[in-house]
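A quick note: this is a predicted structure, and the numbers were derived from the prediction, not measured. Only heavy atoms go into these numbers, but all of them, side chains included; no hydrogens, no water, no symmetry mates. As the structure lists them, so they are numbered: ligands from 1, and atoms in each ligand from 1.
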Amino acid sequence: MVTQSIDEQPVAEPRRRLVAHAVSGVVAVAVVLGVGELVALPINPDSSPFYAVGATTVDRTPAWAREFAIHTFGTNDKPALFIGMSILIVLLGAVAGLLERRRRPIGSVILGVLGLVGVYAALQRPIADAMYVIPTIVGVAAGIATLRLLIGQLEVELAAGIDESWLPRRQFLMLAGVALAVAAAAGAAGKFVGKRIAGAVANREDFVVPTVKDVAAPIPAGANIGVAGASTYITPNEDFYRIDTALLVPQLTTDSWELRIHGMVDREMTLSFADLVARTPIERVVTLTCVSNEVGGVLAGNATWIGYPMKDLLEEVGVHPDADMLLSTSVDGFTVGTPVEVLIDGRDAMLAVAMNGEPLPFEHGYPVRQVVPGLYGFVSATKWVTEWELTRFDQVDAYWTQRGWGAQAPIKTASRIEVPAALSPVNSGQVLVAGTAWAQHRGIEKVEVRVDNGEWQPATLAQEYSIDTWRQWSWMWDAAPGLHTLQVRATDLDGNVQVEERTPPIPGGATGWHTRSFTVK
Ligand SMILES: Nc1nc2c(c(=O)[nH]1)N[C@H]1C(S)=C(S)[C@@H](COP(=O)(O)O)O[C@H]1N2
Ligand SMILES: [Mo]
């Protein structure tokens, strides 16, 4: 038998029942916003439904309306917008609650429509990607679940009978209270962390890149072969590969940053950021490479760095002669072990604060990271570095060494083909083949190419910049029709030829010759 739904009962509805329904809806939208705020954190505070709708509204406001808002509210135009939005959302929540029935979930549909607005607004944010829809979707799902739960509970209570003296019972009040508390806690946590992130963004914007006397040698035009489709000699920051274990990119400020130096040293020391920049900076071009890079892979990048020589600081603290490892720790607990020897052998190992003329991007270690020419990133390039311990390789293993990777890892001599692109169609005749080779801190002596396992032929090298950076190469191929295989190998200035045997990246970097096959028409 189908029971009548409550709203069709011929009982005069006491105002309290309406209020209880409206409250359910308001609590549900609070859950949407609170949960949305929290879920937005790991993605971007910009992706929270409330913020995204507000920001997109601002972006979409016609000029006359903006003038009106600024004229009316002055610099309070943003709070006015948020208050206006809040009032609207509370009203919509109340309507959703009043219309929600266990059997006719109209209120849930209203929340769903609100969710579509949030998703749309989030996707309009300037740097939005597909992840931006997640906070709204998760928030709305939690809100709908809350609404269903509260209305269900109310209807159970109402089914017991309703008259002028009706009051919601304990269960309903408890459920509503818990939901509201969860929403408030989630929202507050989101806001708190979001504020810190905003603070870090402002701190980075105010950061002044140090002026340097000891500048990098100018990059000769001949270092850049300028072949379309090949990497550029300097890698723009936004194209620079990013590898780390950080789920949430640390958001440090120069005010909160400190480097504690301890362990096997004569004088322990803690440096503030002001202490660091009081020292003398250098500017250098250095190519970084990740040990996980497969033969032919893209986990390498070249940038101009400004930073403070690590050697100077190690001299200041007085490293004990039997300490052979610098164990550096990131603010998120990630650790790196670097041989002390390479840090004091005269190469340009530095605590970098700027990358290609900008403060370090957050993803690349703002405000301070290590850059050490010649070693793979996992044994040298600690981002968000806040602690140095002088110790010994026979006493500690750093993060990746504990997980099966090597303890010592100089970068292997490598080269790759970049042009023509893999699987691209190639016409017979003169075909320009180009790519990049590297052997940081040893330097590239030559690059050779061969076709179909034939004779190795010398490629033309771009002008050398330094032994710490990669070197571009090109080679003109007289391509005959058919299927052909190209291979490349580099030789470094120590005479080491790139190793032919194919081995995987673990434990100390991949080896093998990069090979690409083309069907020539
Ligand atoms: N804090 C921290 N620093 C880190 C890592 C990390 O996981 N956490 N990864 C390292 C590795 S494996 C590499 S290859 C380089 C990559 O630096 P990039 O992301 O700036 O290119 O950072 C190194 N520094
Ligand atoms: Mo790496």
Enumerate the pairs of nitrogen or oxygen atoms, one from ligand 1 and one from the protein, separated by less than 3.5 angstrom; state names and distance to 0.1 Å.
| residue | atom | partner | partner atom | Å |
| --- | --- | --- | --- | --- |
| ligand 1 | 1 (N) | Ser330 | OG | 3.1 |
| ligand 1 | 1 (N) | Lys383 | O | 3.1 |
| ligand 1 | 3 (N) | Lys383 | N | 3.0 |
| ligand 1 | 7 (O) | Thr245 | N | 2.8 |
| ligand 1 | 9 (N) | Ile243 | O | 3.3 |
| ligand 1 | 17 (O) | Arg369 | NH2 | 3.1 |
| ligand 1 | 19 (O) | Ile243 | N | 3.0 |
| ligand 1 | 19 (O) | Lys383 | NZ | 2.5 |
| ligand 1 | 20 (O) | His364 | ND1 | 2.6 |
| ligand 1 | 20 (O) | Arg369 | NH1 | 2.6 |
| ligand 1 | 20 (O) | Arg369 | NH2 | 3.4 |
| ligand 1 | 21 (O) | Tyr241 | O | 2.6 |
| ligand 1 | 24 (N) | Ala381 | O | 3.0 |

* Trp456 six-ring face occupied by Arg489 cation (under 6.0 Å, within 45°) -> yes
* Asked: Is a donor on one side and an acceptor on the other found under 3.5 Å between the side chain of His320 and the backbone of Val265?
  -> yes
* Please confirm whether Phe207 and Phe273 have ring centers closer than 6.0 angstrom. => yes
* Measure the acute angle between the ring planes of Tyr51 and Phe82, then classify it against the limits of 30° and 60° as parallel, tilted or perpendicular. => tilted
* Cation over ring, Arg242 on Phe240, under 6.0 Å and within 45°? -> no
* Asked: Are Arg392 and Asp322 close enough for a salt bridge, meaning some N to O gap below 4.0 Å?
  -> no
